[in-house]
Amino acid sequence: MKPFEQQSLSKRLHLDVPLCFGLLVLCGLGLMVLYSAGGEDLGIIIRQATRMGVAFVFMFLVAQLPPAVIERWSLWLFIAGIATLVTVLWVGHVGKGAQRWLDLGFFRFQPSELMKLSVPMVVAWYLANKTLPPNIGNIIIVGLMIIIPVALIAKQPDLGTSLLVATAGLSVLFIAGIRWKIILIFGALCSMCAPILWYFMHDYQKRRVLTLFNPEQDPLGAGYHIIQSMIAVGSGGIYGKGWLNGTQSHLEFLPERSTDFIFAVYCEEFGLMGVLLLLCIYLFIIARGLYIAANAQQTYGKLLAAALTLTFFVYIFVNMGMVIGQLPVVGVPLPLISHGGTSMVTLMVAFGILMSIHTHRRILSS
Amino acid sequence: MGLNFTIKDTEEESRLIRLRIYSAVVIIILIVMVLVARLFYLQVIRHDHFITLSQSNRVKVLPIAPIRGLIFSRDNVLLADNQPSFSLELIPEQIDSLDKTIGQLSRLIDIDEDSVNRFKKLRREKRRFESIPLKFNLSEDEVARFSVERHKIPGAKVIARPYRHYPEKSTLVHALGYVARIDEKDLQKIVESNYLGTTHIGKLGVEKAYEDILHGHVGHQQVEVNAQGRIIRVLERTPPEPGKNIYLTLDLSLQTVALSLMQGRKGSIVAMNPDNGDILALVSSPAYDPNPFVNGIDSKSYKVLLSSRDTPLINRALSGKYPPGSTIKPFLAIAALMFGVRDVDEKTWCKGWYTLKGQDHRYRDWKKGGHGHVDLNYAIMQSCDVYFYTLAHDLGITRLNQALTNFGFGFKTGIDIGGESTGLVPSIDWKRSALNQPWYPGETLIAGIGQGYVLTTPLQLVTATAALANHGKRVLPRLVYKISDPISGESTLLPVATPEYVAGYKQEHWNFVIQAMEDVMHGAKGTARRSGANAAYRIAGKTGTAQLFGIGQDEKYEKDEVPEHLRDHALFIAFAPARQPKIALAIVVENGGGGSSTAAPIGRKLLDHYLLDESGNLK
């Protein structure tokens with residue numbers, strides 16, 4: 001081990017400098033877009049910046065925990081998460097309506113957010129001690145670990161979050177080396193199950209999927225979001241209309257313009273060039289995350305770091321795909337740009353875990 | 001039997017995971033390429049298509065504010081209407097330099113600093129393309145001057161909007177109240193969607209209390225706008241539902257006369273129909289003009305109103321608390337009869353003062369030499385203080401309290417507008433909890449002549465007087481009696497609240513006290529006989545003079561030596577005709593001196609105005 005004095009400040013604070021840099025640039029850009037999308041209201045910016053600050057504190061605190069501790073907590077966190085999900089569903093049943101919150105008096109807690117982290121954690125914990133690639137028995141056990149919380153969340157009903165939780169769990173399986181053959185069979189099974197899934201979907205969910213294929217069919221109803229959003233994106237052109245000059249957003253044609261559809265505002269005002277810049281920042285963060293995964297010392301760290309990074313990418317892909325009319329409308333925010341607090345804390349805790357994995361490596365003397 | 005276990009091959013697993021991360025990178029790159037391709041398609045290839053759509057994308061839904069209901073007096077005179085008024089508005093988005101634009105405008109239109117500050121505050125709250133008012137109530141000259149120069153000042157425009165206008169100015173302000181701009185506090189109380197197009201809201205009086213009825217319901221229109229947000233054409237329209245018109249119980253001509261009689265004086269007059277509680281006149285003097293408040297009064301004028309020693313902003317009729325003085329005597333007289341403390345012909349010796357047993361403090365009568373042998377009728381007619389000291393002493397504070405609360409003293413009357421005081425009827429418990437002191441017998445004595453802790457509002461006084469006139473029927477005072485729909489023209493009369501009854505009093509008690517009050521006005525020794533003289537009808541009344549200034553035991557009250565704001569309040573209550581009352585009234589003239597010399601003559605003039613026709617005959 002190196003003498004204490006020679007360790008850099010960032011290492012002692014357990015912060016990863018490139019990751020911090022990427023996240024801060026993203027937050028800065030996010031506040032700028034939100035200022036325009038939120039109708040130039042400074043109050044919104046101050047509140048969002050406060051949330052970002054809180055989220056960074058969470059990230060910092062989680063980064064201090066050694067990965068071994070996180071690994072040990074994985075199962076218990078998962079069990080606690082399942083318990084709260086069942087509670088929320090039961091309370092919601094009593095209250096007769098969609099229930100995603102558990103009101104603890106002093107703050108409201110959304111267990112489905114916790115599952116976004118605890119599902120990949122528990123899967124990584126389980127697989128880390130098995131031989132890789134996982135055999136069929138282990139795949140089935142992991143499958144149950146994923147399906148139970150996903151089903152509970154989908155019942156809330158919160159389709160967007162349940163898909164993200166499933167993605168997070170499946171990412172671990174993918175990184176753990178599940179055979180391509182099995183992936184192909186699984187994919188084929190899923191597409192065969194689609195009609196059955198369709199049967200179980202809510203009407204509004206069906207409408208969203210149908211609208212995707214033909215938005216013009218219902219221009220004032222379900223297609224309105226997609227049409228207005230595509231007009232915003234398309235009219236932005238290569239260089240955009242300029243910051244604060246987006247007509248689609250400022251004339252209030254764009255719905256949800258400071259939350260789920262904020263990417264449309266960004267595209268309208270900054271154009272293709274701005275989008276490429278944003279993608280570069282995101283890809284930089286993702287590249288760093290995967291680098292951390294590849295260089296982790298323990299299998300648990302490798303699996304979890306890679307899976308969390310892939311989930312981060314799925315966020316971006318699902319949100320952007322929805323805004324530009326490639327994916328159905330599901331309520332997934334654009335990470336660190338959209339207005340709102342809960343998902344931001346989850347996201348930053350995930351980055352805290354990445355930093356913990358990277359900065360707690362033992363330096364092996366050669 | 002071989003051992004069947006596998007050894008984790010860490011090297012091999014690390015290689016596998018590394019491979020999978022590479023595959024993930026490839027997948028990510030592929031997906032990003034699809035995203036970029038789609039963005040390229042939308043933003044570059046189909047850019048022209050979408051820019052056209054974005055430019056023609058101009059259908060917006062705008063709220064249309066309903067027209068506020070009008071307010072009329074009982075005699076059908078318009079008291080609150082909506083008049084077009086020109087205001088100068090700016091759209092920040094179209095202005096390069098605000099200071100330059102305001103500089104240009106101030107050469108044409110007089111713009112004060114308050115307006116600029118208010119504009120700057122509003123600008124922070126509104127969106128950049130929204131039109132924000134800078135100045136209200138432009139004169140026609142100003143509109144003309146602006147129109148000529150308009151093309152040189154982009155982003156500025158003159159807009160005609162209907163604003164609330166009160167043609168009678170200060171005459172009814174304390175009853176009518178006024179509307180003003182909606183503020184943060186109002187937003188918490190209203191349904192915001194219904195106020196989307198509305199800028200003003202009732203702040204005081206009837207305008208506030210009947211806000212729901214006057215406001216109406218918002219409408220909306222689908223409009224096509226151009227790139228600046230200007231409306232090009234209306235596509236679809238759902239008209240708003242206008243607010244309903246309301247009719248006040250106030251009689252404008254009586255109100256005007258009452259206010260003019262209070263000209264130059266501080267105080268209040270409230271007149272009521274004792275039969276149903278309709279308020280016929282409600283004056284608080286001095287009054288003020290509500291019109292400047294509608295679009296925000298400038299701070300200098302507001303400070304003048306606020307800091308004036310005459311406190312015009314205070315509604316004396318509802319919230320002014322005055323010692324009732326001798327006007328309290330009829331209410332105590334009837335209680336004494338009911339409780340059996342006094343008989344009608346039982347006499348008390350008045351030598352000019354009264355002392356409690358074992359004390360040498362003299363409670364003095366207003367008449368220095370005393371009234372001699374006094375019965376109850378004479379005590380009311382002459383307002384003998386010593387008689388009522390002994391009466392109060394015999395009643396005791398608990399029964400005295402009950403006697404007054406029976407008539408509604410010490411409680412809000414429940415009139416249909418806000419801002420009422422409760423007044424005060426003291427009791428032993430009240431004094432202990434409020435002042436943490438025991439009750440002294442001397443305090444019962446001065447309560448017996450309406451002094452000390454007893455406080456009443458003019459509205460309470462007239463409501464109690466009406467109950468006396470009604471032989472115990474207590475009506476709920478009200479200011480609005482009719483609501484009409486401006487579209488269908490249908491009117492709805494508001495139901496009169498079920499009256500309460502002052503219980504336990506016998507018919508002969510009522511008759512006796514009313515007779516004594518008639519003698520106050522018409523008897524040879526009545527304190528207000530000069531005001532009752534030559535009346536075409538019988539008046540029942542009682543004068544009162546409330547002391548504000550303590551005089552030493554052997555001093556004499558010299559009017560000219562007492563500073564004006566400590567001089568006595570003059571009070572008068574009355575109803576007429578005494579046996580079929582059509583009107584009851586209460587008058588308080590602050591620092592006006594004697595009730596019989598100042599307040600009673602005002603009362604007589606009002607009764608004549610209301611009850612007599614032009615040739616002096618009873619209507």
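Any value given below was found using the heavy atoms of this structure, including those in side chains, with hydrogens, waters and symmetry copies removed.
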Open item on the list: For the residue pair A:Y126 / A:N138, report whether a side-chain donor-acceptor contact shorter than 3.5 Å exists.
Closed with: yes

TODO: Say whether B:H215 and B:T198, considering side chains only, have a donor N or O and an acceptor N or O under 3.5 Å apart.
DONE: yes

- [ ] Ignoring hydrogens and angles, tell me if any N or O in the side chain of A:R288 forms a donor-acceptor pair with the backbone of A:I285 under 3.5 Å.
- [x]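 Between the backbone of A:I285 and the side chain of A:R288 there is no qualifying donor-acceptor contact (under 3.5 Å).
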
Task: A:S258 backbone acceptor or donor facing A:H339 side chain under 3.5 Å - done: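 Such a contact is absent between A:H339 side chain and A:S258 backbone.
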
Open item on the list: Which residue is it: B:R161, B:K135, B:K157? I am looking for the one with a side chain to side chain donor-acceptor pair (under 3.5 Å) to B:E89.
Closed with: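 Result: among B:R161, B:K135, B:K157, B:R161 is the only option passing the side chain to side chain donor-acceptor pair (under 3.5 Å) with B:E89.
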
Against chain B, work out which of [options] has the most heavy-atom pairs shorter than 4.5 Å and name it.
options: A:A293, A:C267, A:G234; result: A:G234
options: A:L283, A:V233, A:L303; result: A:V233
options: A:L310, A:L42, A:I316, A:I178; result: A:I178

- [ ] Give the minimum heavy-atom separation between A:V123 and A:G169, together with the two atoms involved.
- [x] CG1-O, 4.2 Å

Open item on the list: Could you go through A:K241 and A:E269, starting from their C-alpha distance and side-chain angles, then the distance that decides it, and tell me whether this counts as salt bridge (Lys or Arg N to Asp or Glu O under 4.0 Å)?
Closed with: CA-CA 5 Å; A:K241 295 176 184 170; A:E269 296 189 350; over 6 Å; no

Part of [X] lying under 4.5 Å from any heavy atom of chain B:
X: A:A176; result: backbone
X: A:I324; result: both
X: A:F313; result: side chain

- [ ] Between chain A and each of B:R20, B:H49, B:R18, B:R38, count heavy-atom pairs under 4.5 Å; write down the option with the most.
- [x]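 Greatest number of close heavy-atom pairs with chain A: B:R20.
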
Open item on the list: Looking only at heavy atoms and a cut-off of under 4.5 Å, which of B:L39, B:I29, B:V32 has the most pairs with chain A?
Closed with: B:L39

Task: Under 4.5 Å from a heavy atom of chain A, the part of B:R46 involved - done: neither

Task: Part of B:I27 within contact of chain A (heavy atom distance under 4.5 Å) - done: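 It is the side chain, since no backbone atom gets that close.
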
